[in-house]
Structure formats: structure tokens, C-alpha cells
Amino acid sequence: MATESRGTEGGARPKVTITAIAQEAGVSVPTVSRVVNGRSDVSPETRARVEDLLRLHGYRRRQSAPGDRAALVDLVFNDLDSPWAVEIIRGVEEIAHQDGVGTVVSAIHGRAGSARQWLKNLRARASDGVILVTSVLEPVVHEELRRLNVPIVVVDPAGSPALDAPTVGATNWAGGMAATEHLLSLGHRRIGLIAGLPRLLCSRARLDGHRAALEAAGVPFDPALVAQGDFYHESGFHGCDQLMSGPTPPTAIFASSDQMALGAIEALRRRGLRVPEDVSIIGFDDLPEVRWSAPPLTTIRQPLADMGKLAARTVLRQARGEEIESPRVELATQLIIRASTAPPTEG
């Protein structure tokens, strides 16, 4: 919402917008909008600072209707074709609903111009905040988000977020270590890994945790036992085929996502191999479907819904002008043992 200052005896003052007020106050546009519309969900200190600037600039409030309130949070993914995304959405939606805020879910698909179209839509709806489940955005989008001064939280960042925004993730290194330690405890020594995309921080952390567990057990790391995947079923299928085609195939495989683990199980089935009698499989995520796979999948639980909840709480606290407890939070992962892992039948 933008409006103008009315003139005093000396003549009309130049127009002032809530964007200008927000920049001067060092808060977000939605925070200024809340003050203008008389909402209570702004800290007293922030409210006083914004109101001082509104008076200084002679900003006159319009009569506002309920429709003037944004009461929206944007949730942005690269893609929405994964149960992983659904779990994040479920967590964000629960907290947003409790706060009386709607959720706008978008997928930018990595296509040229799609992020800019989303940004255009964001400007039009004056969102209270943005939760990015991607930190790979065009530089021009970064600049516009900074200019709008909209609160931002990044979930599972690919690396160090260029926006200097708070991040919410999981203990991927510890999870990778726990997965491999579990297989080692069963007696496996030839353990294959189907890794995620190397450009992603979570992929590198899971690989590093896997290597750390091997080294701690005195088992040499063998690059030939690593296949490259992309977190989706098909890459798990092909990665497993690659690992099992070697001269000394693994007796167990750690797939860096549940979807890749399910792809690997199908690849083994087509080879006439049984899980876990011939090859043990462990995944990462604990998606709802994997407890019903055949066999039920041993995996590392990543608290996806809780990550969504924390991201929503964080962005809404920022929108209210409140301080956040920590700019970097990692939620704990957990080993979930089911029926897809067992001791090897050979040495």
C-alpha cells in the first residue's frame, strides 16, 4: 500500500511510500503496513520507531478495509514434484494457519524468467514474508528482494545464502555418519553410496559424514563405491546398477534420499537380488511412503515438517519486527531402523 503526505501551510510535500518508510526504519514493508493498519502483532519498540517516521514525513493513513492486510506468506520451491516438498508445505501451513496467515506456494522450475514472474506477483500481493526452499536465484532477484525489504528465511540452503537471511536445515553430516555407522555395525565393509547433487550443501555433508564413519571404523574410502545421483528415483536406479556392475559390488548401499533408495531397490529386484538378504539399503528423509515399501525402508529421518514449522515461525517473527533466536538452525536427524537392512550373507 502506498499513499502520499498532505501539504501543510508551506505547500505540498513530496509523496512518501511505506517502502521508503520501511527502508529508513530498517524494517520490512509488511511491518510498516501493520503499523499503518493498526495491527497489534508488532513489537512496541518497532511500532514506536515506525510511527515516529510516519509523523516526521506527514504520512496520512488511509481508511483501511480488512482486504488491505496482506496476511500472506510466500513459500517458494524449485519444483513441487517430490513428497519432500509436501512435508515442508505441511509444516509451514500448520504454523501459518495458527497465525491467521495464508500460504502462497510457488515453483520457479529453474526456467529463465520464472523467478522474475514470481517476484512481480510478490510485489503485487505485499507478502508478509518469503520462505525460500531454494537459494539459487538470479542476482537481479536477490537485489529486488533486498530492495523490498521483505523478511526471508532459507530452508535447506544450497550453500551460504547470498541474501544473508536466516536458514533452517538438518544435521546432514551427522545423518550421513549415522547411516554408515548402522551398516558398519551390521558387519558390512563394502558400502556403496548414491550421492546427491554435488553443488548442494546437504549432499556434500552427507558424503562427508559417510566418509567420516568409514575412516573411524578403519575402512578405506573407495571412490569406485560412489555413484552420482540427483535425489530422484531414476538416478537411484541407475546409480545402483552402476555400483552392482563393478568387480566387487557392495553388500550394502546408502542412498542419500529415500526416493533414490526406492529406485535402488527396484534395480536390485530386476537383477534378481533381494533386500536385505542380498543387499542392504538405507535411505535419507523418512518420507511417509517408505514405511510401506517392500521391504519397509531403514532411513535417516529428516524432520521436514518441523523444518517448515520453524521457517514459518521465524519469518512471521521477523514480519512482526521481533528478534529471532539464531540466524542458523539445524534440526537433529534420527536413524529409523526397519526391514531393509541386515547383516551381510558373505564377508
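Values reported hereafter were calculated over all heavy atoms of this structure, with side chains retained and with hydrogens, waters and symmetry mates removed. Throughout, residue positions are numbered sequentially from 1 according to the sequence presented.
The shortest distance between side-chain heavy atoms of His210 and Leu214 falls below 4.5 Å. Considering only heavy atoms from C-beta on, Gln318 stays 4.5 Å or farther from Ser28 through its side chain. Put simply, the side chain of Val290 reaches to within 4.5 Å of the side chain of Arg338, judged on heavy atoms. By the 4.5 Å heavy-atom criterion applied to side chains, Cys202 and Phe231 are counted as neighbours. When side chains are defined from C-beta on, Thr31 counts as touching Val42, because their heavy atoms get closer than 4.5 Å. Asn172 is not listed as a side-chain neighbour of Thr333, based on a closest heavy-atom distance of 4.5 Å or more.
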Residues Leu122, Leu145; criterion side chain to side chain contact (heavy atoms under 4.5 Å, CB included); working and verdict: CA-CA 10 Å; Leu122 176 70; Leu145 286 172; 3.7 Å; yes
Evaluate Asp306 against Arg301 for salt bridge (charged side-chain N to carboxylate O under 4.0 Å, His left out), listing each step before the verdict. CA-CA 11 Å; Asp306 288 340; Arg301 176 175 292 163; over 6 Å; no
Could you check Leu225 against Ile191 for side chain to side chain contact (heavy atoms under 4.5 Å, CB included), going step by step and ending with a plain yes or no? CA-CA 7 Å; Leu225 289 177; Ile191 300 173; 5.9 Å; no
When you look at Ile108 and Asn78, which way does the side chain to side chain contact (heavy atoms under 4.5 Å, CB included) test go after all the steps? CA-CA 5 Å; Ile108 58 175; Asn78 277 331; 3.9 Å; yes
Show the numbers, then the answer: is there a side chain to side chain contact (heavy atoms under 4.5 Å, CB included) between Leu56 and Leu53? CA-CA 5 Å; Leu56 176 65; Leu53 288 168; 4.2 Å; yes
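The two residues Glu181 and Ala213 have their closest heavy-atom pair at CG-CB, 3.9 Å. Closest approach of Val168 and Met307 over heavy atoms only: CG1-O, 3.7 Å. Looking at every heavy atom in both residues, Val226 comes nearest to Leu243 through N-CD2, 3.9 Å. When all heavy atoms of Pro344 and Gly187 are compared, the pair lying nearest together is CG-O, 3.7 Å. Closest of all the heavy-atom pairs between Pro295 and Ser293 is O-OG, 2.7 Å. A pairwise comparison of heavy atoms in Gly129 and Ser127 identifies O-OG, 2.9 Å as the closest pair.
For Ser257, the side chain to side chain donor-acceptor pair (under 3.5 Å) test picks out no residue, with sequence neighbours left out. Scored by the side chain to side chain donor-acceptor pair (under 3.5 Å) test, Gln302 finds Asp285 as partners (sequence neighbours excluded). With sequence neighbours left out, the side chain to side chain donor-acceptor pair (under 3.5 Å) criterion links Ser326 to no other residue. Shown here are the side chain to side chain contact (heavy atoms under 4.5 Å, CB included) partners of Glu234, two or more places apart in sequence or in another chain: His238. Residues forming a side chain to side chain contact (heavy atoms under 4.5 Å, CB included) with Ser235 (at least two apart in sequence, or on another chain): Asp230, Met260. Residues satisfying the side chain to side chain contact (heavy atoms under 4.5 Å, CB included) test with Arg189, not counting sequence neighbours, are Leu184, Val219. For the side chain to side chain donor-acceptor pair (under 3.5 Å) test, residues two or more places apart in sequence or in another chain that qualify with Ser280 are His188. In terms of the side chain to side chain contact (heavy atoms under 4.5 Å, CB included) criterion, residue partners of Gln98 (sequence neighbours excluded) are, by chain and number, Glu94, Ile95.
Under the 4.5 angstrom side-chain criterion for Ile, Leu, Val, Met, Phe, Trp and Tyr, the cluster partners of Trp173 are Met177. In the hydrophobic clustering, where aliphatic and aromatic side chains (Ile, Leu, Val, Met, Phe, Trp, Tyr) are joined below 4.5 Å either directly or transitively, Ile324 stands alone.
A donor-acceptor contact closer than 3.5 angstrom is absent between the side chains of His182 and Thr298. Judged by distance alone, the side chains of Glu266 and His233 never bring a donor and an acceptor atom under 3.5 Å apart.
Using a 4.5 Å cut-off between side-chain heavy atoms of Ile, Leu, Val, Met, Phe, Trp and Tyr, with links allowed through other members, Ile194 and Leu268 fall into the same hydrophobic cluster. Following chains of ILVMFWY side-chain contacts shorter than 4.5 Å, one cannot reach Leu193 starting from Met244, and the two form parts of different hydrophobic clusters. Hydrophobic clustering of Ile, Leu, Val, Met, Phe, Trp and Tyr side chains at less than 4.5 Å, counting indirect connections, unites Val329 with Val315. No continuous path of hydrophobic side-chain contacts links Ile282 to Val279 [ILVMFWY only; heavy atoms under 4.5 Å]. Connection of Leu331 to Leu287 is established within a shared hydrophobic cluster, with ILVMFWY side chains joined at heavy-atom distances below 4.5 Å, either directly or through further cluster members.
Taking CG of Leu273 as the start and CZ of Arg270 as the end, the distance is 13.5 Å to the nearest 0.5 Å.
A donor-acceptor pair is defined here as one N or O able to donate and one able to accept, closer than 3.5 Å; no such pair exists between the side chain of Thr341 and the backbone of Ile281. With hydrogens and angles ignored, the 3.5 Å screen pairs no side-chain donor or acceptor of Arg291 with any backbone N or O of Pro296.
Here salt bridge (Lys or Arg N to Asp or Glu O under 4.0 Å) pairs that include residues 239-258, with residues two or more places apart or in two chains, are Asp241-Arg271.
The neighbour count for Arg49 CZ, taken as heavy atoms of other residues, nucleotides or ligands under 6.0 Å away, is above 12.
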Which side-chain N or O atoms in residues 82-93 pair as donor and acceptor under 3.5 Å with protein atoms at least two apart or in another chain?
unit_1 : atom_1 : unit_2 : atom_2 : d
Ser82  : OG     : Trp84  : N      : 3.0
Ser82  : OG     : Gln259 : OE1    : 3.3
Glu87  : OE1    : Arg90  : NH2    : 2.6
Glu93  : OE1    : Thr103 : OG1    : 3.0

